[in-house]
Number of protein chains: 2
Amino acid sequence: MNKRIEITAQTKQNLIDAFWSLYREKRIENITVKDITQKAGYNRGTFYEYFTSVYDVLEHIENSLIPSLDQLPPVSTPSGSLGMPIEAFFTLFNQNRQYYAVLLGESGDPAFASKLKNSIKPTIIGIFTNEPPAARIELDYILEYTLSAMIGIMSFWFNQTDPIPNEKLHKLIHRLMEQGVMSQLFS
Amino acid sequence: MNKRIEITAQTKQNLIDAFWSLYREKRIENITVKDITQKAGYNRGTFYEYFTSVYDVLEHIENSLIPSLDQLPPVSTPSGSLGMPIEAFFTLFNQNRQYYAVLLGESGDPAFASKLKNSIKPTIIGIFTNEPPAARIELDYILEYTLSAMIGIMSFWFNQTDPIPNEKLHKLIHRLMEQGVMSQLFS
DNA sequence: TAAAATCATACAACATGATGTTGGATTAGT
DNA sequence: ACTAATCCAACATCATGTTGTATGATTTTA
């Protein structure tokens, strides 16, 4: 039976794909519903059966990229990466690399970076439930600092024409986290 | 023949102010030219004498906030802040606090964060002209990491309802930069 | 299992509102 | 009083979001 569902799922996906191929090229404010449906080969009205607006499509894509972070492996704290699941971060970023590169880039959506950070925070905070409240508040700031830094450097890396090797970046981040920025600047 | 500079400057500013008061409340995609001119008390057509679009107003505001960073004091490297002008950063952020808080926030503009970073980078890179090329490439990554972290934590701080004291944040950032994240997590 | 009834999908067409432009009215500077 | 600027009213164009309908697939009934 379910032929209907397949059709709608396909139509929806076609619209999403058309949107994305436009979004990679131009700012969202210049993308019209007409553009999308023309590219996907549907009537403009059909769009509204699936989405409420152009921004709704973006939202849909973003939300589909966030849940994969619930799949953050239970944060082990091996001596190598005290409390910060850098490896896990790496893996997840790479999985959706093509989307993250755009969404976190300079013509991306700042709300996405926030969503991303906020979805990761609870996992890490969970490790520090025993800490006193004062340290807890400071933790919020440290987390924001670190996650911003991670997202920043990964996004930068994604968008390089000639990026440094995976392994090299990996080690650099480790050093930055464990020894700070200053000690790395004068080597 | 004197252009009526004062009048036009005032009109332009009125439009900018009207835009900003709307921008603080809602996403830019929902702000129309009509909204702005109505709020500012002008005819809609007048808007186009000064700006080409709603986004052009935002761009204008952003650009007026960037040049102030050329005024970054020549980066002294006192023993306290090796290469990173944290104090200068603090001062500049605080000067335009109300704008930065919004523009760097989650309904802000990701392009602004990029502009900001890119305007600061050359100043800092200038200090490291003697370094070998390999270190130069790594420096780009370190800078992106650090600036993202700084912008992230400052923006977070701005948007807290009950922010920690200026001095405390200041010291925290120093520690994070000099000793890294990890050593701060387990105290 | 075949015909009838129902429902989901996609579309054409419409009303509304936003956009960007043009030509004219008004006001200030000399 | 003349000129040049500022601002506005009105227009054509375009995007939006909605409604009613044709098509064809699915389910029901007999």
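Just so it is clear, the model here is predicted, and its values are computed rather than measured. Lettering of chains follows the sequences in order, A, B, ..., and the numbering in each one begins at 1.
Residue B/Thr11 places at least one side-chain N or O under 4.0 Å from the OP1 or OP2 atom of D/dC7. Distances shorter than 4.0 Å separate some side-chain N or O of B/Tyr50 from OP1 or OP2 on D/dC7.
Between the CG atom of A/Asn30 and the P atom of C/dT19 there is a distance of 13 Å, rounded to whole Å. Atoms CZ (A/Phe51) and P (D/dT16) sit 15 Å apart, rounded to a whole Å. The distance from atom CG of B/Leu15 to atom P of D/dC8 is 10 Å, rounded to the nearest whole Å. Distance OH (A/Tyr55) to P (D/dT16): 10 Å, rounded to an integer number of Å. For the pair A/Asp35 CG and D/dT16 C1', the computed distance is 13 Å after rounding to whole Å. One can place CG of A/Asn14 at 14 Å from C1' of C/dT9, the figure rounded to the nearest angstrom. Rounding to whole angstrom units, CG of residue A/Leu22 and P of D/dA15 are separated by 13 Å. In this entry the distance linking CD of A/Gln10 with P of C/dA10 reads 10 Å, nearest Å.
B/Ser119 places a side-chain N or O within 3.5 Å of a backbone atom of B/Leu116 that can act as its donor or acceptor partner. Between the B/Ser183 side chain and the B/Gln179 main chain, a donor and an acceptor come within less than 3.5 Å of each other. Panel note: side chain A/Tyr55, backbone A/Ile28; no donor-acceptor pair is recorded below 3.5 Å.
Note on ring orientation: taking the six-membered ring where Trp is involved, the planes of A/Phe90 and A/Trp157 are tilted (angle from 30° to 60°).
The aromatic ring centroids of A/Tyr42 and A/Phe47 lie 6.0 Å or more from each other.
For the pair B/Thr46 and A/Lys34, both in contact range of DNA chain D, the more 5′-proximal nearest nucleotide belongs to B/Thr46.
The one candidate from A/Phe112, A/Tyr23, A/Phe93, A/Trp20 that meets the ring-ring contact (aromatic ring centres under 6.0 Å, His included) condition with A/Tyr99 is A/Trp20.
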Using a cutoff of under 3.5 Å, can you pull out all pairs of nitrogen or oxygen atoms linking the protein to nucleotides 20-24 of chain C, with atom names and distances?
| unit_1 | atom_1 | unit_2 | atom_2 | d |
| --- | --- | --- | --- | --- |
| C/dG20 | OP2 | B/Tyr48 | OH | 3.0 |
| C/dG20 | N7 | B/Arg44 | NH1 | 3.3 |
| C/dG20 | N7 | B/Arg44 | NH2 | 3.4 |
| C/dG20 | O6 | B/Arg44 | NH2 | 2.6 |

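Using a 3.5 Å distance cut-off with no hydrogens or angles, the side chains of A/Thr32 and A/Asp35 do pair a donor with an acceptor.
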